[in-house]
Amino acid sequence: MATSVENRRFLHEPGLSATAAIRSYSPNHQRVARLEVTTRKKVVVDTYDRDTSEDEVEEFDYSDAIKKSNSELETSVFDTRDAGTADQWIQRNPSMVRLTGKHPFNSEPPLTKLMQHGFITPAALHYVRNHGSVPNATWENWTVEICGLVKRPARFTMSQLVTEFPSREFPATLVCAGNRRKEQNLTKQTIGFNWGAGGVSTSVWKGVPLVHILKRCGIYSRKKGAMKVCFEGAEDLPGGGGSKYGTSITVEVAMDPTRDIILAYMQNGEKLLPDHGFPVRMIIPGFIGGRMVKWVKRIIVTTSESESYYHYKDNRVLPSHIDAELANSEGNVFRW
Ligand SMILES: Nc1nc2c(c(=O)[nH]1)N[C@H]1C(S)=C(S)[C@@H](COP(=O)(O)O)O[C@H]1N2
Ligand SMILES: [Mo]
């Protein structure tokens with residue numbers, strides 16, 4: 001006879017509605033947040049943060065799992081399909097399914113391969129979403145600038161990021177917000193291209209926690225207007241008459257050590273591949289891929305959210321009665 005499995009449910013508990021204590025834990029930080037609901041139903045979140053980053057953190061060794069997932073991987077090659085494009089210097093896995101013609105490179109692994117390689121997706125089979133051509137970067141010359149509402153603006157080289165800051169390494173799943181859009185387009189045509197179901201991949205990322213970088217630069221308080229953290233990529237893109245790929249998150253999210261947001265310089269134990277942001281990209285676990293800026297050049301602390309064309313016009317889910325034409329019509333800006 002089948003025994004029933006009690007699902008974990010988050011029911012409304014009267015005792016918790018007035019005052020609740022929430023505790024969350026991460027290996028090198030302990031964070032306690034007290035949530036108080038005042039009589040006027042305003043929620044006041046009082047957080048304090050004990051930085052225990054000096055404590056020893058036991059790092060898991062992923063090398064065996066990575067090696068296993070990389071077995072029977074086809075070699076990447078210069079592909080004739082890239083000949084004559086700005087990306088012709090890049091070697092790519094021949095089995096990637098190309099979704100948007102010749103250029104830019106947008107591709108997903110065949111589902112059979114994605115599954116065959118198991119939990120960790122080899123870097124060369126990780127789906128790719130490029131809005132333009134891939135920056136031909138060098139490790140030695142790359143810098144990441146931290147500016148805006150910080151007391152000590154700075155520009156870090158790759159070797160500084162690696163040697164002057166602690167690092168974290170963990171598996172994270174990336175998914176493009178357009179994954180399976182082919183099916184969505186059958187229901188109702190969107191302005192996005194047809195993704196199959198392979199716009200999702202999991203690999204092991206290693207990098208510097210964003211919180212350490214922002215603390216080093218001395219981020220200003222909310223009162224002084226520091227509300228958002230914007231990220232900007234390196235490519236010159238056509239969107240909005242010329243712009244960088246950019247997006248933003250809130251300062252609260254950016255400074256939360258339990259979120260493991262990193263400036264990643266390694267994927268599956270190797271330096272990043274050009275398509276995935278070499279030499280450095282953002283990894284923001286749990287967010288859509290679109291927030292994880294590749295080839296990150298600038299991090300800007302601001303009062304309001306990113307004004308990048310790609311933040312406003314891309315990666316938006318609008319109410320179902322708003323079609324592409326209405327969304328793009330003059331004067332219509334949907335912010336939320
Ligand atoms: N600089 C830059 N960052 C970017 C993009 C881009 O075109 N340029 N595409 C974004 C989108 S929409 C997604 S889904 C992820 C894809 O990351 P991947 O190509 O490594 O899978 O990168 C994001 N970061
Ligand atoms: Mo995406």
Side-chain angles (χ1 to χ4, degrees), residues 76 86-87 90 92-93 96-100 103-109 114 120-137 142 144-145 171-182 184 190-207 230-240 242-249 261-268 270-300 306 308-317:
S76 291
D87 289 352
I90 301 169
R92 288 170 169 154
N93 189 291
M96 292 298 280
V97 181
R98 294 174 179 237
L99 304 168
T100 51
H103 191 77
F105 185 61
N106 291 297
S107 68
E108 60 181 47
L114 190 58
I120 296 172
T121 314
L125 285 179
H126 191 292
Y127 83 87
V128 178
R129 173 69 178 106
N130 290 342
H131 285 78
S133 42
V134 174
N136 196 341
W142 197 265
V144 181
E145 186 188 347
T173 300
L174 269 60
V175 61
C176 180
N179 193 34
R180 294 182 60 188
R181 200 191 276 125
K182 188 176 178 181
Q184 193 185 1
T190 72
I191 50 174
F193 62 83
N194 283 341
W195 280 99
V200 55
S201 308
T202 302
S203 46
V204 176
W205 299 93
K206 181 178 183 174
C230 304
F231 306 96
E232 212 175 74
E235 325 99 281
D236 286 312
L237 298 173
S243 57
K244 299 285 180 189
Y245 187 88
T247 186
S248 57
I249 57 176
I261 300 174
I262 55 171
L263 280 75
Y265 47 75
M266 281 181 113
Q267 180 182 10
N268 290 350
E270 311 268 353
K271 281 186 181 161
L272 304 188
L273 293 178
D275 278 324
H276 298 297
F278 176 85
V280 62
R281 62 110 35 99
M282 296 309 305
I283 290 293
I284 311 177
F287 278 54
I288 57 161
R291 297 288 175 267
M292 307 192 202
V293 173
K294 304 192 277 189
W295 314 290
V296 63
K297 280 302 288 176
R298 286 211 303 164
I299 297 179
I300 315 133
S306 169
S308 166
Y309 172 89
Y310 295 91
H311 184 72
Y312 269 98
K313 299 283 185 182
D314 246 34
N315 286 323
R316 309 236 80 173
V317 178

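Order of listing sets the numbers, starting from 1, for every ligand and every atom in it. Any value given below was found using the heavy atoms of this structure, including those in side chains, with hydrogens, waters and symmetry copies removed.
- Near Val128, the atoms of ligand 1 lying under 4.0 angstrom from a non-hydrogen atom of the residue are 19 (O).
- Under 4.0 Å from ligand 1, heavy atoms of Tyr127 appear from its side chain as well as its backbone.
- Annotation: the span from Phe105 atom CZ to Leu99 atom CG amounts to 9.0 Å, rounded to 0.5 Å.
- Heavy-atom contacts of Asn130 reach the following atoms of ligand 1: 7 (O) (cutoff under 4.0 Å).
- Atom-to-atom distance recorded for Asn93:CG and Leu125:CG is 4.5 Å, nearest 0.5 angstrom.
- Ile120 CD1 to Ser203 OG: the interatomic distance, rounded to the nearest 0.5 Å, is 8.0 Å.
- A salt bridge links Arg92 with Asp87; the closest basic N to acidic carboxylate O contact falls under 4.0 Å.
- In this model, a donor atom of one side chain and an acceptor atom of the other lie less than 3.5 Å apart for Thr202 and Thr173.
- You'll find the ring centres of Tyr127 and Trp195 inside the 6.0 Å limit.
- In the vicinity of Cys176, heavy-atom distances shorter than 4.0 Å reach the ligand 1 atoms 14 (S).
- Heavy atoms of Lys244 found under 4.0 angstrom from ligand 1: none, in either backbone or side chain.
- No hydrogens or angles considered: a donor-acceptor pair under 3.5 Å links the side chains of Asn130 and Asp275.
- Within the 4.0 Å heavy-atom criterion, the part of Met292 lying near ligand 1 is the backbone and not the side chain.
- Shown in contact with His126 at under 4.0 Å from a heavy atom are these atoms of ligand 1, numbered in order with element: 21 (O).
- When Glu235, Arg281, Glu108 are ranked by how near their heavy atoms come to atom 17 (O) of ligand 1, first place goes to Arg281.
- In summary, the atoms of ligand 1 found under 4.0 Å from a heavy atom of Trp295, numbered by their order in the structure, are 1 (N), 2 (C), 8 (N).
- Considering only non-hydrogen atoms, atom 18 (P) of ligand 1 lies nearest to His276 out of His276, Arg291, His131.
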